[in-house]
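The structure appears below as structure tokens.
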Amino acid sequence: MRRGILLYGPPAAGKDTITDVLTELDARYVRFARLKIGEGNTKGYRMGTPEQLAALEARGDVIYRNERYGNIYVVDRPGLENAMEGGRIPVIHLGQMTGMGQVSSLFTAHWVRVLLWCSKETTALRSPQRGDKDTADRLTAWDATEADLAAHPQTQWHLRVDTDATAPREAAKRIDVIVRTASSDA
């Protein structure tokens with residue numbers, strides 16, 4: 001069975017850092033580069049056009065789409081198929097519960113769901129340290145993530161990590177153990 005990791009959490013909770021450590025632990029882990037239609041940061045994204053998005057939508061290949069910071073972000077079927085080739089395990093970063101549900105229900109794989117959390121104060125500190133020019137928008141997104149999570153108390157997580165208190169390497173090791181255990185159970 002194909003496998004993947006869904007990392008959910010507010011801005012600056014450590015999704016990038018923990019993904020980097022996962023890729024160091026095992027080369028099969030790969031950050032899933034979402035398709036981004038818009039401007040700004042290009043690192044970690046496949047930049048696309050409105051025409052590409054329309055073509056994906058026409059074929060039914062958009063698994064999840066959201067708009068934030070004036071951009072459109074897409075999890076697409078061809079992108080996920082490619083990311084899972086050769087037994088690779090994509091790590092998808094999400095900040096919306098709807099995206100968690102859509103990816104896990106519309107793309108067949110064993111998805112390990114991980115909640116990464118940090119305080120709003122930590123987001124306020126980490127955001128400019130990582131080069132964000134829109135920290136106020138990131139804090140608004142933190143509020144939206146907190147409300148979104150509160151609206152979905154029934155969500156089943158394989159792991160919850162407080163990144164204020166847990167080092168990235170420790171978090172990545174815990175995630176890796178869950179993925180390996182799930183693989184041996186399959």
Side-chain angles (χ1 to χ4, degrees), residues 1-19 21-22 29-35 44 56-57 60-69 71-77 79-81 83-84 89-124 126-127 137-168 170-186:
M1 157 112 7
R2 299 183 295 188
R3 299 172 289 163
I5 301 169
L6 300 174
L7 295 183
Y8 174 86
K15 294 180 288 289
D16 287 332
T17 304
I18 291 168
T19 299
V21 177
L22 281 166
Y29 293 119
V30 294
R31 177 181 171 156
F32 178 72
R34 286 185 291 165
L35 187 64
L56 285 167
E57 288 174 328
D61 282 338
V62 172
I63 295 170
Y64 178 64
R65 156 194 177 146
N66 72 293
E67 296 183 33
R68 188 166 270 175
Y69 315 121
N71 300 300
I72 299 171
Y73 301 90
V74 177
V75 177
D76 62 305
R77 188 172 312 285
L80 272 179
E81 293 285 353
M84 289 188 172
I89 304 167
V91 182
I92 301 178
H93 301 177
L94 293 166
Q96 303 81 26
M97 293 302 297
T98 300
M100 298 285 290
Q102 285 188 238
V103 171
S104 60
S105 66
L106 298 177
F107 193 90
T108 303
H110 176 77
W111 293 104
V112 172
R113 292 181 184 88
V114 180
L115 170 61
L116 299 179
W117 198 257
C118 68
S119 68
K120 189 173 183 179
E121 294 75 20
T122 296
T123 291
R126 290 178 182 169
S127 178
D137 291 340
R138 306 295 165 155
L139 294 173
T140 299
W142 190 98
D143 290 334
T145 305
E146 181 182 48
D148 191 27
L149 185 60
H152 295 87
Q154 75 287 357
T155 301
Q156 298 293 312
W157 301 100
H158 292 93
L159 180 65
R160 295 171 183 248
V161 178
D162 176 352
T163 64
D164 286 333
T166 307
E170 178 60 29
K173 286 180 180 178
R174 290 181 193 170
I175 294 166
D176 181 55
V177 166
I178 292 167
V179 171
R180 290 176 189 278
T181 302
S183 298
S184 63
D185 292 343

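When side chains are defined from C-beta on, Val112 does not count as touching Leu159, because their heavy atoms never get closer than 4.5 Å. The side-chain heavy atoms of Met100 and His152, taken from C-beta on, include no pair separated by under 4.5 Å. Considering only heavy atoms from C-beta on, Phe32 stays 4.5 Å or farther from Leu7 through its side chain.
No donor-acceptor distance shorter than 3.5 angstrom exists from the side chain of Arg138 to the backbone of Ser127, with no hydrogens or angles considered.
Here Arg31 pairs with Asp16 under the salt bridge (charged side-chain N to carboxylate O under 4.0 Å, His left out) rule; sequence neighbours left out. Taking Arg174 as the reference, Glu170 meet the side chain to side chain donor-acceptor pair (under 3.5 Å) condition, with sequence neighbours excluded. Applying the salt bridge (charged side-chain N to carboxylate O under 4.0 Å, His left out) test to Glu146 and every residue at least two apart in sequence or in another chain returns nothing. The salt bridge (charged side-chain N to carboxylate O under 4.0 Å, His left out) search around Asp148 returns none, not counting sequence neighbours. With sequence neighbours excluded, the residues satisfying side chain to side chain donor-acceptor pair (under 3.5 Å) with Asn71 are Tyr73. For Gln156, there are no side chain to side chain contact (heavy atoms under 4.5 Å, CB included) partners at least two apart in sequence or on another chain.
No donor-acceptor contact under 3.5 angstrom links the side chains of Arg126 and Thr17, judged on distance only. Of the N and O atoms on the side chains of Thr155 and Arg113, not one donor lies less than 3.5 Å from an acceptor on the other residue.
Between the CD1 atom in Ile18 and the CD1 atom in Ile175 there is a gap of 5.5 Å [rounded to 0.5 Å]. The OG1 atom of Thr145 sits 6.0 Å away from the CH2 atom of Trp117 when rounded to the nearest 0.5 Å. Here the straight-line distance linking atom CZ of Arg160 with atom OG1 of Thr166 works out to 13.5 Å at 0.5 Å rounding. Separation of atoms OG1 (Thr123) and CH2 (Trp142) is listed at 7.5 Å; rounding is to 0.5 Å. The CH2 atom of Trp111 sits 11.5 Å away from the CE atom of Met1 when rounded to the nearest 0.5 Å.
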- [ ] Run the numbers on Lys120 and Asp143 for salt bridge (Lys or Arg N to Asp or Glu O under 4.0 Å), then give the verdict.
- [x] CA-CA 8 Å; Lys120 189 173 183 179; Asp143 290 334; 2.9 Å; yes
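No cation-pi contact links Arg3 to Tyr29, judged by a cut-off of 6.0 Å to the six-membered ring centre and 45° from its axis.
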